[in-house]
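Only one structure is covered here, and it is reproduced in the block below.
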There are 2 protein chains.
Amino acid sequence: MRLDDALGFAINNTGRAMTRLLMTAFAPYDVTPEQWSILKRLEEGDEISIKELSKRVGKDQANVTRISDLLERKGLIMKKPNPEDKRSSLVCLMDEGKQIIRLLDPIDEQVHQVVLKGIAEHEMELLKQLLAKMRENCNAELQG
Amino acid sequence: MRLDDALGFAINNTGRAMTRLLMTAFAPYDVTPEQWSILKRLEEGDEISIKELSKRVGKDQANVTRISDLLERKGLIMKKPNPEDKRSSLVCLMDEGKQIIRLLDPIDEQVHQVVLKGIAEHEMELLKQLLAKMRENCNAELQG
DNA sequence: ATGACATATATGTCATGACATTTATTTGTT
DNA sequence: AACAAATAAATGTCATGACATATATGTCAT
């Protein structure tokens, strides 16, 4: 089997290409695709713990802690104490974070249109289903 | 959640899940999935430059340099001087590298069977085609 | 032949992912 | 209440990816 044919490498290389494209498009705003994914989740609902945020973005808690620290240093989010649990903090979007989201949303949309050029809606749906199935297979094995 | 957001999320998370699974399976042999991808490429043809190897694995030259250094320290590959160009070196598989490949090949195969459980051949083919199309779209944009 | 430019590799930096460990706090058991 | 176990977050380490730059060597125009 040639490497090009190996599904794992196809998936990872495609993901990296998409990430690179988004990174390039976001570069003038000093926001990386991973930071973007966190901002977008917070837009759907903030004042949540690092742990909850980690679950929602599908990332390791340690990594979310570090990405959040970066976003906080940039003034896009803030961590405030959780009055119900002194171990945890609640992550909130700052106004500047909300402004950045408004700026970057159309750019994100343009990038995705480029990436999905020539791909039909039903193909994308199947693609997502297959990826979800593979993810389930992996996670079942990792936990079992 | 917008559809295209879900797709980027799906691709990167699925790729990470597969990488994690392979990493776990390879852990006893002290070989990472990325190191594995380089070994497999060398198996198809070694005595090639870092630059050529980078092209074949689809990775940055700087990263291939570093991964190669690790593999050389482990005694799996060797860099020998290129008699035709003193700037470059030729990367060769060592016997121990070839042995590791024979050991890990069936493990890699098992992992792929786990990941692809419940997915038909024609679905996998379509999946690869769609991913290739998206990769082309990205690369065309990055270069253009 | 020489100097300007190109190329191959190496190295430095930052962001990230995975994972182990630490620290502070909470919870549960007695 | 006291102590053990669990939990949330932070931190440390290594591998990697992207990118900039450095260094050595090669190539080309003159």
Side-chain angles (χ1 to χ4, degrees), chain A residues 8-9 12-27 30-39 48-55 57-74 77 79-91 138-139 142, chain B residues 9 12-27 30-39 48-55 57-74 79-91 138-139 142:
Chain A
F9 295 111
N12 280 311
N13 284 349
T14 305
R16 276 203 301 275
M18 289 179 65
T19 299
R20 211 154 50 232
L21 192 53
L22 205 59
M23 198 190 315
T24 303
F26 284 175
D30 192 28
V31 171
T32 68
E34 302 304 339
Q35 290 162 19
W36 175 240
S37 74
I38 287 197
L39 290 175
I48 58 177
S49 69
I50 291 280
K51 179 187 171 72
E52 176 62 25
L53 183 55
S54 305
K55 274 186 200 160
V57 294
K59 292 182 189 305
D60 187 281
Q61 168 266 313
N63 295 328
V64 172
T65 293
R66 269 183 272 247
I67 297 175
S68 298
D69 286 347
L70 278 176
L71 289 171
E72 192 170 28
R73 258 182 266 153
K74 292 177 186 177
I77 69 172
K79 290 181 198 172
K80 66 179 190 185
N82 182 347
E84 294 176 359
D85 189 336
K86 288 180 188 170
R87 292 171 304 179
S88 83
S89 45
L90 300 176
V91 184
C138 289
N139 292 332
L142 282 165
Chain B
F9 176 91
N12 281 308
N13 283 358
T14 305
R16 277 202 300 274
M18 288 180 67
T19 298
R20 212 154 49 232
L21 191 53
L22 205 58
M23 197 191 315
T24 303
F26 284 175
D30 192 29
V31 171
T32 68
E34 301 305 339
Q35 291 162 18
W36 175 239
S37 74
I38 287 197
L39 290 175
I48 59 178
S49 69
I50 292 280
K51 179 186 171 72
E52 176 62 25
L53 183 55
S54 305
K55 275 186 200 159
V57 295
K59 291 183 190 304
D60 186 281
Q61 167 266 311
N63 295 328
V64 172
T65 293
R66 268 182 272 250
I67 297 175
S68 298
D69 287 347
L70 277 176
L71 289 171
E72 192 170 28
R73 256 181 268 153
K74 291 177 185 176
K79 289 182 198 172
K80 66 179 191 185
N82 182 348
E84 294 176 359
D85 190 336
K86 287 181 189 170
R87 292 171 305 179
S88 83
S89 45
L90 299 177
V91 184
C138 289
N139 292 333
L142 282 167

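Order of the sequence lines sets the chain letters (A, B, ...), proteins ahead of strands, with each chain counted from 1.
- Between B/Trp36 atom CH2 and D/dA15 atom C1' there is a gap of 18 Å when expressed in whole angstrom units.
- With rounding to whole Å, A/Arg16 atom CZ is found 15 Å from D/dC19 atom C1'.
- Looking at B/Gln35, its side chain does come within 3.5 Å of a backbone N or O of B/Thr32 through a donor-acceptor pair.
- A straight line from CD1 of A/Ile38 to C1' of C/dT16 spans 11 Å, rounded to a whole angstrom.
- Checking B/Ser49 against B/Asn82 by side-chain atom types alone, no donor-acceptor pair falls below 3.5 Å.
- For the pair A/Lys74 (side chain) and A/Asp30 (backbone), a donor-acceptor distance under 3.5 Å is present.
- Rounded to whole Å, atom P of D/dA9 lies 16 Å from atom CG of A/Leu71.
- Listed here is the closest heavy atom pair of A/Ala17 and B/Asn139: CB-OD1, 4.3 Å.
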Give every pair of a protein N or O atom and an N or O atom of nucleotides 20-27 of chain D that lie under 3.5 Å apart, one pair per line with the distance.
| unit_1 | atom_1 | unit_2 | atom_2 | d |
| --- | --- | --- | --- | --- |
| D/dG26 | OP1 | B/Lys86 | N | 3.1 |

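- Under 3.5 Å, the side chains of A/Gln61 and A/Thr65 contain a donor-acceptor pair of N or O atoms.
- Comparing A/Met23 and A/Glu52 by the nucleotide of DNA chain D whose heavy atom lies nearest to each, the residue mapping closer to the 5' end is A/Glu52.
- When heavy atoms are screened at a 4.0 angstrom cut-off, A/Thr19 is found touching no nucleic acid atom at all.
- If one axis is set at each end of the helix from C/dA1-D/dT30 to C/dT30-D/dA1 from five pairs, those axes are 10° apart, to 10°.
- OP1 or OP2 of D/dG17 sits under 4.0 Å from a side-chain N or O of B/Lys59.
- The CD-P distance, from A/Glu34 to D/dG17, rounds to 14 Å in whole Å.
- Listed here is the closest heavy atom pair of A/Gly15 and B/Asn12: CA-OD1, 3.5 Å.
- As rounded to whole Å, 7 Å separates atom P of C/dC19 from atom CZ of B/Arg20.
- Listed here is the closest heavy atom pair of B/Ser68 and B/Leu53: OG-CD2, 4.2 Å.
- Nearest nucleotide to the B/Gln35 side chain, out of D/dA10, D/dA18, D/dA15: D/dA15.
- Whole-Å rounding puts the B/Asn63 CG to C/dA15 C1' distance at 13 Å.
- The two residues B/Val57 and B/Ser37 come nearest to each other via the heavy atoms CG1-O, 3.9 Å.
- Projected onto DNA chain D by closest heavy-atom contact, A/Ile48 and B/Gly58 fall at different nucleotides, the more 5' of which corresponds to A/Ile48.
- Side-chain N/O atoms of B/Thr32 include one lying less than 4.0 angstrom from OP1 or OP2 on D/dT16.
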Inset, instruction - In sequence, state the C-alpha distance, the side-chain angles, and the governing distance for A/Arg16 and A/Asn13, and then conclude on side chain to side chain donor-acceptor pair (under 3.5 Å). - result: CA-CA 5 Å; A/Arg16 276 203 301 275; A/Asn13 284 349; 2.3 Å; yes
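- When rounded to the nearest whole Å, the span between CZ of B/Arg73 and P of D/dC14 equals 11 Å.
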